[in-house]
Amino acid sequence: MKGAKISDLLASAGAGAEVLVFGWVRTVRNSGSVSFLQVNDGSCLADIQIVVEGDALSLLDTTELSTGCSVRIDGTVVDSLGKGQKYEIQASSVQIIGHADPNDYPLQKKRHTLEFLRDIAHLRPRTNTFGAMSRVRNAAAFAIHTYFQERGFQYIQTPMITASDAEGAGSMFRVTTLDLGNVPMKSGVPDLTEDFFGKSAYLTVSGQLEAEIFAQAVSDVYTFGPTFRAENSNTSRHLAEFWMVEPEVAFCDLSGLADLAEDFLKNVFGKVLDRCPDDMAFFNQWYDKTALTTLENIINSDFERITYTDAIDMLQKSGETFEYPVNWGLDLQSEHERYLTETKIGRPVVVTDYPKEIKAFYMRLNDDDKTVAAMDVLVPRIGEIIGGSQREERYDVLTDRMRDAGMEEAEYWWYLDLRKYGSVEHAGFGLGFERTVQFMTGMQNIRDVIPFPRTPNNAEF
RNA sequence: UCCUCGGUAGCUCAAUUGGCAGAGCGAUCGGCUGUUAACCGAUUGGUUCCAGGUUCAAGUCCUGGCCGGGGAGCCA
């Protein structure tokens, strides 16, 4: 006999149904001849209350029952006599499956700090916060796939190991099978021809270049997978391993890409609100009182679109004093982005057409010869949630840009081939999945929106 | 990597000018006829992050290190 999910049981089973439930005990309350257990199985935020009395109680050693135990409950759904829940289960039997010694089980019947829970990442999914996080992440991932699948985008699995070491900014993790205690040397440097791939290999920082290959064959594609950055970043918004969504669209310009980004974000936010109302209400109550209204406002309003040049103008006329200078040609700092999206405009902003000097080589050069068709989607509190561009599809312009960037053309022969054979305009962006979840839930630290965060000096679990 | 704040009981925190290291929660035991982070009573709790130094005396001051929070840069 298979147990019922508590979520199904609370939603559909009426009083009188005989049920079997498996889960973990959250709290035990003993009161005279009756004991109350709250049991959670992770299917929903709510616990189900188990009432144990009479024969069921006399057969149970309540001193063995404690927070963290796994249990099997046989019983009947009844209308609750108490306040706080509609239904409860009148147990006919309670079996302890696995004990959790209360003397050393770390999770207590009280709130813990997020910092403490990070140290016990193997147990934190049993808390309300991380149960809710797991469900929201799941709903968001599903919404992302659904969004693209319903619009004819193909899901492309791009490689995690790459041999090109200049895909863009950012340090990469080296992948090697060489014995670090005994590296083969040749002319005083490591002989990488002895390594697994015969040359340097790294963990990918983006699936974009490979996604472009498929976009220029099957038109609309996206990737959704892990991405790695070896930067020594210690902030609430950075991870060494994170998940990135990268749509790449053929026959699409920057304006079309901005339309896609806006529609996509609104759609995903809407689906998560729809699918996880209890979890989102929980985050709204405990972590960010504005989370729900912010998301609803975004869904129902248009994103502001401004050029980089407009943004510089706004910042210079703002009357604000910034720590970093604002001048055309300089990149926007976090404080500038936050001023624009939080103070000046008050909703998501798409900033486009940045100076070519501060953006990547593959971004399409505009007719002014000074700017490129890049876009960043900025949202309050997080800053950049999406970075994207129309790609340079003109062979000569692209090779000029690569030369300016000091890149070796030969290493990108296949990327250049795409511009030689049936080249088309195309565009794509990268969305940080964890930043999206962080934004939706109002969680302050990105380490609390991924199951097992990888950051400098931390790869436990 | 830089700036800044912090590290005291299982957890969350207090400890005045350098002068006996504490509270709440948890846990344990007992009580309570339906509880909602149950409640009431008692008990239990310490390498004050580590290594040096100053001092009659260091949780507190000094030096070095480790770890964590917040901010910055890099970016998603």
Side-chain angles (χ1 to χ4, degrees), chain A residues 26-38 46-54 57 63 66-68 78-85 88 90 100-120 127-128 167-172 205-208 226-246 261 322-324 331-338 358-360 376-379 382-388 429-439 444-450 455-458 460:
Chain A
R26 285 294 179 79
T27 74
V28 183
R29 292 183 289 270
N30 296 313
S31 179
S33 61
V34 59
S35 284
F36 298 92
L37 320 183
Q38 278 184 230
D47 305 326
I48 190 144
Q49 173 159 285
I50 313 293
V51 185
V52 194
E53 54 190 340
L57 186 59
T63 62
S66 57
T67 301
V78 296
D79 293 320
S80 180
L81 297 177
K83 289 177 181 161
Q85 59 280 318
E88 61 195 16
Q90 190 76 39
D101 185 344
N103 285 300
D104 51 32
Y105 184 63
L107 292 174
Q108 303 175 356
K109 291 186 286 188
K110 57 175 278 193
R111 291 181 67 184
H112 288 294
T113 59
L114 295 169
E115 290 83 3
F116 173 68
L117 293 174
R118 271 175 225 153
D119 291 336
I120 49 167
T127 63
N128 285 336
E167 285 188 21
S171 322
M172 303 171 84
V205 296
S206 166
Q208 178 199 321
T227 308
F228 308 89
R229 302 281 164 88
E231 267 115 22
N232 192 5
S233 296
N234 292 290
T235 82
S236 57
R237 308 183 306 283
H238 289 86
L239 292 165
E241 177 184 285
F242 63 99
W243 286 63
M244 190 153 65
V245 180
E246 296 180 286
F322 296 110
E323 192 182 339
Y324 290 87
D331 208 352
L332 299 179
Q333 303 293 316
S334 286
E335 57 172 347
H336 305 143
E337 294 180 345
R338 293 185 63 153
I358 59 174
K359 288 293 182 182
D376 285 353
V377 179
L378 311 178
V379 295
I382 307 292
E384 186 180 339
I385 196 170
I386 281 180
F429 65 75
L431 169 88
F433 183 62
E434 282 73 22
R435 284 190 184 174
T436 306
V437 176
Q438 203 183 346
F439 177 68
Q444 296 287 313
N445 197 307
I446 200 166
R447 294 169 186 132
D448 300 322
V449 299
I450 188 167
T455 53
N457 277 317
N458 183 15
E460 188 76 36

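All values below were derived from every heavy atom in this structure, side-chain atoms included, with hydrogens, water molecules and symmetry-related copies excluded. Chain letters run A, B, ... following the sequence lines, proteins first, then strands; residues in each count from 1.
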N or O in side chain of S236(A) less than 4.0 angstrom from G71(B) OP1/OP2: yes
Rounded to whole Å, please give me the gap between CD1 in I446(A) and C1' in G70(B). 16 Å
Residue matched to U33(B) through Watson-Crick or wobble contacts both under 3.5 angstrom: none
Within the 3.5 Å criterion, strictly below it, is a donor on S206(A) or E246(A) matched to an acceptor on the partner's side chain? yes
At 4.0 Å (heavy atoms only), tell me whether T27(A) reaches a base, stays on the sugar-phosphate, or touches nothing. sugar-phosphate
Using a cut-off of 4.0 Å on non-hydrogen atoms, how would the nucleic acid contact of N103(A) be classed: base, sugar-phosphate, or nothing? sugar-phosphate
Within the structure shown, what part of the strands sits under 4.0 Å from Q438(A) by heavy-atom distance: base, sugar-phosphate, or nothing? nothing
So do W243(A) and T227(A) actually touch side chain to side chain, heavy atoms under 4.5 Å? no
Do H336(A) and F322(A) pass the ring-ring contact (aromatic ring centres under 6.0 Å, His included) test, and can you show the C-alpha distance, the side-chain angles, and the key distance before you say yes or no? CA-CA 8 Å; H336(A) 305 143; F322(A) 296 110; 4.9 Å; yes
Would you please say whether a donor-acceptor pair under 3.5 Å links the side chains of E323(A) and Q333(A)? no
May I ask you to evaluate whether T227(A) reaches the phosphate of A76(B), defined as a side-chain N or O under 4.0 Å from OP1 or OP2? no
What is the base-pairing partner of G70(B), counting Watson-Crick and G-U wobble geometry with both distances under 3.5 Å? C3(B)
For the base of A76(B) and the side-chain ring of F242(A), does the geometry meet a stacking cutoff of under 5.5 Å between centres and under 30° between planes? yes
hbond_proxy E53(A) side chain to U33(B) base (donor-acceptor, 3.5 Å cutoff): no
The side chain of N457(A) is closest to which nucleotide in this list: C74(B), C67(B), U33(B)? C67(B)
Using a heavy-atom cut-off of 4.0 Å across all strands, would you classify E434(A) as base, sugar-phosphate, or nothing? nothing
To the nearest Å, give me how far apart CG (D119(A)) and P (G7(B)) are. 16 Å
Closest non-hydrogen atom pair, Q438(A) against V449(A): CA-CG1, 4.0 Å
So, S80(A) and Q85(A): side-chain donor and acceptor under 3.5 Å apart, yes or no? yes
Rounding to an integer number of angstrom, what distance separates A14(B) and A23(B) when you compare their C1' atoms? 7 Å
A9(B) versus C3(B) - spacing of their C1' atoms, nearest Å: 33 Å
Atom P, compared across U43(B) and G24(B): separation rounded to whole Å: 12 Å
With a non-hydrogen cut-off below 4.0 angstrom, is N445(A) in contact with a base, only sugar-phosphate, or nothing? sugar-phosphate
G7(B) and A51(B): how far apart are their C1' atoms, nearest whole angstrom? 16 Å
Quick check: closest heavy atoms across S33(A) and L57(A), and the distance to 0.1 Å? O-CD2, 3.1 Å
Could you pull out the closest heavy-atom pair between T67(A) and T27(A), with the gap in Å? OG1-CA, 4.2 Å
Rounded to the Å, how far apart are L431(A) CG and C75(B) P? 17 Å
Please measure how far the P atom in G52(B) lies from the corresponding atom in A15(B), and state the result in whole Å. 28 Å
Check every atom of G68(B), G73(B), U35(B) against the side chain of S334(A) and return the nucleotide holding the closest atom. G73(B)
Tell which nucleotide pairs with A42(B), taking only Watson-Crick or G-U wobble pairs whose two distances are both under 3.5 angstrom. U28(B)
Only counting residues at least two apart or in another chain, list the ones meeting ring pair (Phe, Tyr, Trp, His ring centres under 6.0 Å) with F116(A). H112(A)
Length of the line joining L378(A):CG and C75(B):P, which is rounded to integer Å: 14 Å
In short, S171(A) meets E231(A) closest at the heavy-atom pair N-OE2, 3.1 Å
Closest of G68(B), A76(B), C11(B) to the F116(A) side chain is C11(B)
Which is true for F36(A) with a 4.0 Å heavy-atom rule: it touches a base, it touches only sugar-phosphate, or it touches nothing? base
Interatomic distance, N232(A) CG vs C2(B) C1' [rounded to whole Å]: 11 Å
When rounded to the nearest Å, what value does the distance between P atoms of U16(B) and G59(B) take? 12 Å
Check every strand shown and say whether E335(A) touches a base, only sugar-phosphate, or nothing at a heavy-atom separation below 4.0 Å. nothing
Look at all strands and tell whether I382(A) reaches a base, only sugar-phosphate, or nothing, counting heavy atoms closer than 4.0 Å. nothing
S233(A) side-chain proximity, nearest of G69(B), A72(B), C74(B): C74(B)
Between F439(A) (CZ) and A76(B) (C1'), how many Å, whole number? 15 Å
Using Watson-Crick or G-U wobble geometry with both distances under 3.5 Å, which nucleotide pairs with C20(B)? none
On RNA chain B, does the nearest nucleotide to S33(A) precede the nearest nucleotide to N30(A) from the 5' side, or the other way round? Give the residue. S33(A)
Can you check the distance between G6(B) and U60(B), where both ends of the measurement are the P atom (answer in whole Å)? 14 Å
At under 4.0 Å between heavy atoms, what does G430(A) touch on the DNA or RNA strands: base, sugar-phosphate, or nothing? sugar-phosphate
So does R237(A) get a side-chain nitrogen or oxygen closer than 4.0 Å to the phosphate oxygens (OP1/OP2) of C74(B)? no
R447(A) CZ to G68(B) P: how many Å, rounded? 8 Å
Scan side-chain atoms only and decide if N445(A) and R237(A) contain a donor-acceptor pair under the 3.5 Å cut-off. no
Integer angstrom distance from the P of C5(B) to that of G10(B): 28 Å
Looking at RNA chain B, which of residues 104-114 of chain A put a heavy atom within less than 4.0 Å of it? Q108(A), K109(A), K110(A), R111(A), H112(A), T113(A)
Strand partner of C61(B), provided both Watson-Crick or wobble distances fall under 3.5 Å: G53(B)
Rounded to whole angstrom units, what separation is found between the CZ atom of R338(A) and the P atom of G71(B)? 7 Å
Scan Q85(A) against the nucleic acid and name what it touches under 4.0 Å (heavy atoms): base, sugar-phosphate only, or nothing. base
